[in-house]
Amino acid sequence: IRDKLISFELEYSDENETVNSILSQISKVKNDCLNIDEYISTACPDETFRIIYKEYGKSGLGIIISDAVNVSKECQIYRPALGCWEDSQIPGLRILAQNLQREHTRAILQLAHRGFPCLDVHALQEIPATHLLEVQKDFIAGAVRGKQAGFDGVELHACHAYLLSQILSPLTNYFDWKYSGTLEKRALYVTEIVEAIRRSCGENFIIGVRMGCNEPDLSSSIRLARLFEQAGVDYLSVSVGTGTRINIGCFDESFAWDEK
């Protein structure tokens, strides 16, 4: 990995190269060098992650969000990732936070659950409501572990058809339970997590939400953004869509799509 990074630094020494492009290429090196067997079994950062995050820390950016980190072990088989579902993972996360913070960059831990595919079911309504309430607790516990590891804050991954996105969208959350029906009820699942993290981690802990702007349309997403702000979210990272969502036509006319 060190040899690859050296060649990378030579290739990307152009002053006009954007920081995002450089970070993207560093991430590619990480994926090429990762010990995938260890990654799946422990969900802890290996030497590849430690080196790469040290490079991220040299970027000069004011804030860096980590890779998506699984809040539940049940996601690991479907989509291997770093984990924050048990205390044994805190030391490894602490090293990543310290590497990101080398040049006073704020380090944010992105918390994620991949949704119903992790449970080998085909729809959100096939997951027992009691289990979804436990996942809420997993997000909160993951945030607490992130703080214990030294991260400056967390970001809830709520787009790209991950679990929080599945709950926010009426296209996937349409069964009869506490968090369905109106947009406000769907948002409540996420805002309850936000408010619990705030109580557990304090006022100075950064809380962000990575949300879609097509849940299921732009106007609804603006309303969601306002609800997140009212719940105490410090920032929003806005994205859009996945292949599946595009195929089933989740864009309305108010969303300007620029093919260029």
- [ ] Before giving the answer on side-chain contact (heavy atoms from CB on, under 4.5 Å), spell out for V144 and C201 the whole-Å C-alpha distance, their side-chain angles and the decisive distance to 0.1 Å.
- [x] CA-CA 6 Å; V144 171; C201 297; 4.2 Å; yes
Open item on the list: What I want to check is whether the side chains of Y162 and R114 have a donor and an acceptor closer together than 3.5 Å.
Closed with: yes
- [ ] Look up atom OG in S180 and atom CZ in F175, then write down how far apart they are to the nearest 0.5 Å.
- [x] 6.5 Å
Open item on the list: Tell me if a side-chain donor or acceptor on R50 pairs with a main-chain N or O of I95 at a distance below 3.5 Å.
Closed with: no
Open item on the list: Which heavy atom of E192 sits nearest to which heavy atom of Q136, and what is that distance?
Closed with: OE1-NE2, 3.2 Å
- [ ] Answer yes if L183 and L168 sit in the same cluster of Ile, Leu, Val, Met, Phe, Trp and Tyr residues linked by side chain heavy atoms under 4.5 Å apart, and no otherwise.
- [x] yes
Task: Salt-bridge criterion met for E55 and K58 (N-O under 4.0 Å) - done: yes
TODO: Mind listing the closest non-hydrogen atom pair of L93 and F151 along with its distance?
DONE: O-CE1, 3.3 Å
Open item on the list: Pair F205, V154 - check side-chain contact (heavy atoms from CB on, under 4.5 Å), show working.
Closed with: CA-CA 8 Å; F205 193 69; V154 293; 3.8 Å; yes
Task: salt bridge (charged side-chain N to carboxylate O under 4.0 Å, His left out) between R198 and E195, worked out - done: CA-CA 5 Å; R198 180 65 70 209; E195 290 165 356; over 6 Å; no
Task: Ion pair E184/R223, N-O distance below 4.0 Å - done: yes
Task: Interatomic distance, R210 atom CZ to E155 atom CD [nearest 0.5 angstrom] - done: 6.5 Å
Task: Shortest non-hydrogen contact from A97 toward A149 - done: CB-O, 3.8 Å
Open item on the list: Using every non-hydrogen atom in the two residues, find where C159 and H157 come nearest and quote the distance to one decimal.
Closed with: O-CE1, 3.3 Å
TODO: Supply the atom-to-atom distance Y189 OH to N173 CG, rounded to the nearest 0.5 angstrom.
DONE: 10.0 Å
Open item on the list: Quick check for you: to the nearest 0.5 Å, what is the distance between L133 atom CG and K178 atom NZ?
Closed with: 7.5 Å
- [ ] Spell out, as yes or no, whether a donor-acceptor pair under 3.5 Å connects the side chain of T182 to the backbone of K185.
- [x] yes
TODO: Kindly indicate whether the side chain of H113, heavy atoms from C-beta on, has any atom under 4.5 Å from the side chain of D138.
DONE: no
TODO: Identify whether I127 and V190 are in the same connected component of the hydrophobic contact network (ILVMFWY, side-chain heavy atoms under 4.5 Å).
DONE: yes
TODO: Drop me the distance from Q125's CD to W177's CH2, to the nearest 0.5 angstrom.
DONE: 11.0 Å
- [ ] Kindly work out whether a path of hydrophobic side-chain contacts (I/L/V/M/F/W/Y, heavy atoms less than 4.5 Å apart) joins I64 to L109.
- [x] yes
Task: Side chain to side chain, V135 and S72, heavy atoms closer than 4.5 Å - done: no
TODO: Give a yes or no answer on whether the side chain of S169 reaches the backbone of S165 with a donor-acceptor pair at less than 3.5 Å.
DONE: no
Open item on the list: So which atom in I207 and which in V194 form the shortest heavy-atom distance, rounded to 0.1 Å?
Closed with: CD1-O, 3.8 Å
- [ ] Establish whether F116 and Y174 are linked, either directly or via other cluster members, by ILVMFWY side-chain heavy-atom contacts under 4.5 Å.
- [x] no
Task: Any donor-acceptor N/O pair, S200 side chain to I197 backbone, under 3.5 Å - done: no
Task: Short side-chain to backbone donor-acceptor contact, T105 and I63, under 3.5 Å - done: no
Task: Exceeds 12 heavy-atom contacts within 6.0 angstrom, atom CZ of R106 - done: no
Task: Distance (rounded to the nearest 0.5 Å) between I108 CD1 and D152 CG - done: 5.5 Å
Open item on the list: Are the side chains of S239 and M211 in contact, using a 4.5 Å heavy-atom criterion?
Closed with: no
TODO: For a side-chain hydrogen bond (donor to acceptor under 3.5 Å, both in side chains) with Y53, tell me which candidate from T48, N99, D67 qualifies.
DONE: D67
Open item on the list: Could you walk me through whether L61 and E103 satisfy the side-chain contact (heavy atoms from CB on, under 4.5 Å) test, starting with their C-alpha distance in whole Å, then the side-chain angles of each, then the deciding distance to 0.1 Å, before giving a yes or no?
Closed with: CA-CA 9 Å; L61 295 176; E103 302 295 333; over 6 Å; no
Open item on the list: Less than 4.5 Å apart, side chain to side chain, heavy atoms only: is that true for H131 and E74?
Closed with: yes
Open item on the list: Can a donor-acceptor pair be found, under 3.5 Å and without considering hydrogens, that links the side chain of Q166 to the backbone of A161?
Closed with: yes
Open item on the list: Donor-acceptor check, side chain of Q89 to backbone of E86, threshold 3.5 angstrom: yes or no?
Closed with: yes
Task: Over 12 non-hydrogen atoms of neighbours within 6.0 angstrom of CD in E229 - done: no
Open item on the list: Checking E134 now: which residues fulfil side chain to side chain donor-acceptor pair (under 3.5 Å) with it, not counting sequence neighbours?
Closed with: K137
TODO: Please assess S66 against L82 for the test side-chain contact (heavy atoms from CB on, under 4.5 Å), listing each intermediate value before the final yes or no.
DONE: CA-CA 10 Å; S66 75; L82 295 176; over 6 Å; no
TODO: Check whether any side-chain N or O of N70 sits under 3.5 Å from a backbone N or O of K73 as a donor-acceptor pair, and report yes or no.
DONE: no
Open item on the list: Please check this pair: side chain of Q101 against backbone of G150, looking for a donor-acceptor N/O pair closer than 3.5 Å.
Closed with: yes
Open item on the list: Tell me the closest heavy-atom pair linking K147 and G202, and the distance in Å.
Closed with: NZ-N, 4.4 Å
TODO: Treat each ILVMFWY residue as a node, draw an edge where side-chain heavy atoms are under 4.5 Å apart, and state whether I193 and I65 are in one component.
DONE: no
